Amino acid sequence: MLILECPCCGVKSEETEFHAGGEAHLKRFGPGSTDAEFEGYLFMRENKRGVHFERWRHVNGCGKWFLAARDTNTLEFFGCYPAQTHEPPQDIKDKISAKHPGWSWREFQ
């Protein structure tokens, strides 16, 4: 069972208190983008196993969105951080690097 801590209100609980909302740090393409950009956004994203950054919402609490880092291969959980960030905090990237030297995900390492 996954235990998450909401960085907005500090509540620590199991995953049923929260709602998974998909991929984090995703560049979205919509109106005004080219057909190729929009198609890539919808259908051409990589789905590799390993370290992922995900969006979660504290539905049974403060209602705010936050981001979480975890590994889909080992089910390791690295931490949560506020959704208003452009990249994972350095302490979370350091935790990932300690467990998986040389990891990278898009532009993050």
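Keep in mind it's a predicted model, so treat the numbers as computed, not measured.
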Of all heavy-atom pairs between [X] and [Y], which one has the smallest distance, and what is that distance?
X     : Y     : answer
Cys62 : Cys8  : SG-CB, 4.1 Å
Lys99 : Phe78 : CG-CE2, 4.0 Å
Ile92 : Ala69 : CG2-CB, 3.7 Å
Pro88 : Phe53 : CG-CE2, 3.3 Å
Pro7  : Tyr81 : CG-C, 3.5 Å
Leu4  : Ala68 : CD2-CB, 4.4 Å

For [X] and [Y], indicate whether the former's side chain and the latter's backbone hold a donor-acceptor pair under 3.5 Å.
X     : Y     : result
Glu17 : Glu14 : no
Arg57 : Ala20 : no
Thr34 : Glu37 : yes

Report the relative orientation of the aromatic rings in Phe18 and His58; use parallel for angles under 30°, tilted for 30 to 60°, perpendicular for over 60°.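 Phe18 and His58: tilted rings.
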Taking the side chain as every heavy atom from C-beta outward, state whether Trp56 and Cys80 have any atom pair closer than 4.5 Å. no
Under a plain distance cut-off of 3.5 Å, with no hydrogens placed, do His100 and Asp71 share a side-chain donor-acceptor pair?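 Checked: Asp71/His100 side chains pair up, N/O donor to acceptor below 3.5 Å.
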Rounded at 0.5 Å granularity, tell me how far [atom1] in [X] sits from [atom2] in [Y].
X     : Y     : atom1 : atom2 : value
Thr16 : Asn60 : OG1   : CG    : 7.5 Å
Arg55 : Phe66 : CZ    : CZ    : 11.0 Å
Ser13 : Ile3  : OG    : CD1   : 6.5 Å

Hey, is Arg70 close enough to Glu76 for a salt bridge, meaning N to O under 4.0 Å? no
With hydrophobic residues grouped by side-chain heavy-atom distances under 4.5 Å, do Phe77 and Val51 end up in a single group? no
